[in-house]
Amino acid sequence: MLDDKRKDLSEYRMKDALSTLQTSKLLYENNSYKDSINRCYYATFYAIKAILALEGVDFKRHKDAVGYFNQKYVATGIFSREIGKRLGRLKRVRETSDYDDFYIASKSEAEEQLESAQRIIEAIKQYLDNN
């Protein structure tokens, strides 16, 4: 039964990731680049949490969840180092975008973040489908 609950939670989180990614695309298309960047990061964060759900692992802080993912999945070669680098950049840019008072998000920055989010989520989706 516990495995079923973990699987259900993982599936729920992945659906949330895909929905949030779609929201990010809509925001990007409507020139809301700062909000698109935010949603890109959260979409990938939800996808990471989909993997962690299968293990029954959860964290209260984002940096702990991302750090665990990098240690357990990127450093061991399950996901490429490129995924880890893209994830780190998504996190940094989202924090800058959300917390720096005078940050102005550019179209090119938002486009880069959207591409990264799509790549990461696709890689995680493939992992989940195969495991």
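Fair warning: this is a prediction, and the values are worked out from it, not measured in the lab.
- With Arg39 contributing its side chain and Asp35 its backbone, the two residues share no donor-acceptor pair below 3.5 Å.
- Minimum interatomic distance between Lys25 and Leu114 (heavy atoms only, all atoms of both residues): CG-CD1, 3.8 Å.
- For Tyr33, the ring-ring contact (aromatic ring centres under 6.0 Å, His included) partners at least two apart in sequence or on another chain are Tyr28.
- Using cut-offs of 30° and 60° on the angle between ring planes, the pair Tyr42 and Phe45 is perpendicular.
- Looking at Val57 and Phe59, their side chains come closer than 4.5 Å, going by heavy atoms from C-beta outward.
- Residues that satisfy the side-chain hydrogen bond (donor to acceptor under 3.5 Å, both in side chains) test with Lys125, not counting sequence neighbours, are Asp129.
- Of all non-hydrogen atoms in Leu54 and Leu128, the two that sit nearest each other are CD1-CD2, 3.5 Å.
- Applying the 4.5 Å side-chain rule to ILVMFWY residues, one finds Ile37, Tyr103 in the same cluster as Val93.
- Under the 4.5 Å side-chain heavy-atom criterion for Ile, Leu, Val, Met, Phe, Trp and Tyr, Ile78 and Ile51 are members of the same hydrophobic cluster.
- In this view, Glu29 satisfies the side-chain hydrogen bond (donor to acceptor under 3.5 Å, both in side chains) rule with no residue, not counting sequence neighbours.
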Do any side-chain atoms of residues 9-20 form donor-acceptor pairs under 3.5 angstrom with protein atoms, and if so which ones, sequence neighbours left out?
from: Ser10; atom 1: OG; to: Ala50; atom 2: O; distance (Å): 2.8
from: Arg13; atom 1: NH1; to: Lys49; atom 2: O; distance (Å): 2.9
from: Thr20; atom 1: OG1; to: Asp16; atom 2: O; distance (Å): 2.8

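- Asp58 is not listed as a side-chain neighbour of Leu52, based on a closest heavy-atom distance of 4.5 Å or more.
- Qualifying salt bridge (Lys or Arg N to Asp or Glu O under 4.0 Å) partners for Arg86, counting only residues two or more places apart in sequence or in other chains: Glu82, Glu115.
- The CD1 atom of Ile120 sits 10.5 Å away from atom CD of Gln118, with the distance rounded to the nearest 0.5 Å.
- The side-chain contact (heavy atoms from CB on, under 4.5 Å) test applied to Asn30 returns no partner, not counting sequence neighbours.
- A search for side-chain contact (heavy atoms from CB on, under 4.5 Å) contacts involving Ala123 returns Phe79, Ile83, not counting sequence neighbours.
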CA sep, side-chain torsions, deciding dist, call: Lys91, Glu95, side chain to side chain contact (heavy atoms under 4.5 Å, CB included): CA-CA 6 Å; Lys91 187 174 181 299; Glu95 289 168 350; 2.7 Å; yes
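- To the nearest 0.5 Å, the span separating SG on Cys40 from CZ on Arg94 amounts to 12.0 Å.
- Partners of Ser106 according to the side-chain hydrogen bond (donor to acceptor under 3.5 Å, both in side chains) rule, which considers only residues two or more places apart in sequence or in another chain, are Ser108.
- Atom CG of Leu90 sits about 5.0 Å away from atom OG1 of Thr44, to the nearest 0.5 Å.
- Shown here are the side-chain contact (heavy atoms from CB on, under 4.5 Å) partners of Glu112, two or more places apart in sequence or in another chain: Arg89, Glu109.
- Residues passing the side-chain hydrogen bond (donor to acceptor under 3.5 Å, both in side chains) test with Asn38, sequence neighbours excluded: Asp98.
- Applying the salt bridge (charged side-chain N to carboxylate O under 4.0 Å, His left out) definition to pairs two or more places apart or across chains, those involving residues 63-79 are Glu55-Lys72, Arg61-Asp64.
- Between the side chain of Lys34 and the backbone N or O of Ala105, no donor-acceptor pair lies under 3.5 Å.
- Between Tyr127 and Tyr73, the angle of the ring planes goes over 60°, which puts this pair in the perpendicular group of the 30/60° scheme.
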